[in-house]
Structure formats: structure tokens, C-alpha cells
Amino acid sequence: MEKILKDLKNLDIDLNWYFEDSKYQHLIDSQFSSILERLKFLLRKDGLDSIGFEIDASLKNIDNITGQASYLVNVLEYELGTSLKASLTPSERVSAINDIAYHLQDMMVTSEINAYLSAFGIQTDDVSIVPSKRVYVQDLLKQVNSNVISQIICDLKLDKQGTVCSKTLIEMIKGNDLYSVISDFDRAIKSIDSDPDQAIASSSSTLESICKCILELEGEQIPKKQNISNLLSTTSKVLNLSPEDYDNAEIKRVLGGIHNVIVGIGALRTGYSSAHGHGVKRYALSARHVRMLVNSMVTYGTFMLETYLEQVERAKNI
């Protein structure tokens with residue numbers, strides 16, 4: 001593409017001659033068309049047909065040749081500027097595909113998923129119902145060019161999400177194959193401003209998922225009543241984080257306070273979030289309240305996973 005951009009910038013257009021001399025006009029048009037076709041060929045080769053379609057549509061709305069050339073220069077400079085982002089390592093590719101799959105599962109029905117992915121030149125199945133939309137999307141994206149994966153990530157704005165102290169927890173979740181946690185965790189982070197109710201519900205679900213993952217990895221039985229209070233109590237005993245396990249009054253107070261905060265998030269899920277129906281009156285939490293709740297979830301979720309991993313490493317050295 002660098003060669004195409006160079007040729008495009010060297011396309012010296014004199015508008016006076018262009019409108020006065022038909023031969024000159026034909027020469028410029030031919031050169032521009034040649035550059036455009038080479039660009040679209042490279043885009044097709046890289047699986048970026050959707051960009052080629054956008055270019056064609058935009059050029060039709062630009063009246064003069066200089067405007068078209070300027071637009072194409074901007075497109076090329078943008079694509080070249082983001083080309084490094086399109087290069088994904090194997091682990092980044094797996095993570096990106098999972099992020100897309102979880103997002104589309106939450107936001108679209110199967111027919112909408114098919115229409116959306118088809119816009120990127122991805123061949124989809126002729127189905128309207130699938131057993132798991134997440135698995136369906138993951139299977140469709142397995143053989144797709146990494147450039148296209150990056151384009152979808154950018155289009156869905158999944159590369160711009162995150163919150164305070166979330167990176168450590170994400171790395172721990174992905175690094176230890178706890179992928180059942182990722183969907184709820186991402187949903188909580190991304191919904192703070194746009195859908196606070198959903199953020200609260202997902203915060204509680206994330207903590208529940210973390211507890212279940214730890215219990216399953218430890219071979220412990222998951223309690224029959226799977227609310228956050230019971231799950232937290234059972235997991236805390238496995239991790240030796242129950243307040244009653246300590247004689248030190250300060251540690252008891254800290255652990256007891258943390259447990260109360262977490263149980264409170266679960267209560268908020270029941271009383272205020274979108275996880276349950278609402279009565280005539282309901283209290284709408286502000287984004288700052290929701291952010292505090294989600295960050296509390298992140299902090300304690302990190303603490304529980306760190307505690308679990310520390311115990312695993314300690315057991316290896318015994």
C-alpha cells in the first residue's frame with residue numbers, strides 16, 4: 001500500500017488542464033482508476049472487501065477528481081497507520097475472537113449476526129437459530145484473516161473498553177483459561193455509562209462465576225442455592241478467607257467488611273438491576289455509584305484469584 005500511496009501523491013492534477021483538455025482528463029482518470037483498482041485488489045487479498053465497498057460508495061459522492069484523490073490519500077494513510085494494530089499474535093487473536101463472540105452474543109440475534117459479519121466478507125451459515133451464538137461466531141471467525149478480526153474489533157469499539165484496575169484481573173482470567181468469567185466481566189465494564197442496571201447485574205454474575213470457577217478447579221461442590229452470599233461463603237472457606245478463620249480482630253473486621261460489600265452488590269442486583277423485575281418505585285444509581293460497585297467487584301475478584309493462584313503455587317513446592 002505504501003507504493004500505492006506514493007503513486008497517488010505523485011498524481012499531479014492541474015484542474016485548468018483537466019477541464020480544458022479531454023486527452024489530459026482521460027490520462028488523469030486512467031491513472032487514478034489504475035491506482036484505485038490496485039488498492040481494491042490488495043484489500044480483497046487481505047479480506048477487507050468492506051473497505052473497498054465503502055471507498056466506492058464515498059467516491060460517488062465526491063464531485064471532483066482532486067477531492068477523490070485527497071479522500072483516497074486519507075484512507076491509505078489511515079490504513080497504513082493502523083496496519084501494526086492489525087497484526088495479532090496467536091493469543092491476541094484468540095482473545096479478540098472471544099471478545100467479538102461474547103459481544104455479538106449479547107447484542108444481536110443470529111440473523112443480525114449473519115448480516116453484520118457478511119458485511120466484512122465473512123461467509124455465514126443459512127440459519128436463524130443456533131445452540132450457542134457465542135460458539136457459532138467463534139467457529140465462523142476461526143479461519144478469518146486477522147486484519148478482518150481487527151477491523152471488527154475496531155468497528156465494535158471493543159479496543160476502547162476498560163476501567164480502573166481491570167487489566168490485572170483480565171490477564172489472570174485469560175492466563176488461566178477462566179473464559180467463563182470473561183463474558184460477565186466485559187459486560188459489567190462496558191455497561192457502566194450506557195446501562196448501569198446491566199453493569200450491576202453483570203458485576204454480581206462475575207463474582208458468582210469466579211467463585212464457581214475456583215470451586216470447580218478445587219473439586220469442591222457448588223452450593224445448591226447459588227446466590228452470591230452462599231457462593232462467597234463457600235469459596236472463602238476453600239481459600240481460608242472467612243473472617244471466622246482469623247483470631248486477629250483487624251483482619252476479621254476487614255474481611256467482614258469486604259464480604260458485606262460483596263453481598264450488598266448481590267442485593268443491589270436483586271433490588272435495582274435489570275436482572276429482576278421492578279415495582280412502581282425504583283432507585284436509579286448514578287454512574288459513579290455503579291463504577292464504585294464494579295471496581296469493588298474487580299478488586300475482590302482479583303484478590304480471590306490471586307489467593308487461589310498463590311495457594312496452587314505453594315502446593316507445587318510442597
Side-chain angles (χ1 to χ4, degrees), residues 98 101-103 105-107 131-135 163 166 169-170 172-192 195-245 254-279 282-283 285 289-290 292-312:
N98 281 329
Y102 281 118
H103 182 81
Q105 171 184 254
D106 294 337
M107 303 304 295
S132 168
K133 291 185 288 184
R134 173 181 60 80
V135 174
T163 190
S166 65
L169 184 52
I170 291 175
M172 294 178 71
I173 289 170
K174 294 182 178 180
N176 291 277
D177 294 326
L178 304 179
Y179 286 104
S180 61
V181 176
I182 293 177
S183 178
D184 288 326
F185 175 70
D186 282 348
R187 191 184 299 114
I189 298 300
K190 296 165 187 172
S191 302
I192 290 176
D195 191 349
D197 287 356
Q198 181 63 64
I200 295 171
S202 296
S203 297
S204 184
S205 296
T206 300
L207 286 167
E208 292 168 3
S209 297
I210 289 173
C211 289
K212 289 178 182 179
C213 283
I214 292 174
L215 292 174
E216 288 174 358
L217 289 168
E218 284 294 290
E220 297 288 338
Q221 188 173 358
I222 294 175
K224 291 182 179 179
K225 193 174 182 181
Q226 297 179 23
N227 57 34
I228 188 62
S229 180
N230 286 341
L231 285 167
L232 184 64
S233 177
T234 304
T235 308
S236 295
K237 289 178 181 178
V238 171
L239 297 176
N240 297 317
L241 293 176
S242 297
E244 59 267 22
D245 291 336
V254 169
L255 289 175
I258 292 172
H259 283 212
N260 287 334
V261 169
I262 301 308
V263 172
I265 293 176
L268 279 168
R269 180 194 188 197
T270 301
Y272 302 127
S273 81
S274 58
H276 300 275
H278 301 295
R282 63 183 295 262
Y283 179 69
L285 295 173
H289 290 113
V290 176
M292 180 270 294
L293 296 173
V294 172
N295 284 337
S296 296
M297 173 272 294
V298 172
T299 300
Y300 197 66
T302 303
F303 177 59
M304 284 198 297
L305 286 174
E306 284 178 337
T307 302
Y308 166 70
L309 294 174
E310 185 178 284
Q311 291 181 4
V312 170

Item to complete: Output yes when a side-chain donor or acceptor of Ser233 lies under 3.5 Å from a complementary backbone atom of Ser229, and no otherwise.
Response: no

Worksheet item: Which heavy atom in Pro223 sits nearest to a heavy atom in Leu215, and how many Å separate them?
Response: CD-CD1, 4.1 Å

Worksheet item: Can you check side-chain contact (heavy atoms from CB on, under 4.5 Å) on Leu207 and Leu232, steps first, answer last?
Response: CA-CA 8 Å; Leu207 286 167; Leu232 184 64; over 6 Å; no

Fill in: Minimum heavy-atom distance between Leu239 and Met304, given as atom pair plus value
CD1-O, 3.8 Å

Discussion item. With rounding to the nearest 0.5 angstrom, report the CD1 to OG1 distance, Ile222 to Thr235.
Written reply: 8.5 Å

Worksheet, complete the sentence: Residues at least two apart in sequence or cross-chain that pass side chain to side chain donor-acceptor pair (under 3.5 Å) with Tyr300, listed by chain then number, are His259

Item to complete: To the nearest 0.5 angstrom, please state how far the OG atom of Ser204 sits from the CG atom of Asn227.
Response: 9.0 Å

Worksheet item: Quick one: SG on Cys211 to CD on Glu220, what's the gap to the nearest 0.5 Å?
Response: 13.0 Å

Item to complete: Kindly check if the number of other-residue, nucleotide or ligand heavy atoms within 6.0 Å of CD (Glu244) is above 12?
Response: yes

Fill in: Interatomic spacing from CD1 in Ile262 to CE in Met297 - rounded to 0.5 Å
9.0 Å

Worksheet, complete the sentence: Residue set satisfying side chain to side chain donor-acceptor pair (under 3.5 Å) with Lys212, at least two apart, ordered chain then number -> Gln226

Discussion item. To check you understand the geometry: which heavy-atom pair defines the closest contact between Leu255 and Leu241, and what is its length?
Written reply: CD1-O, 3.4 Å

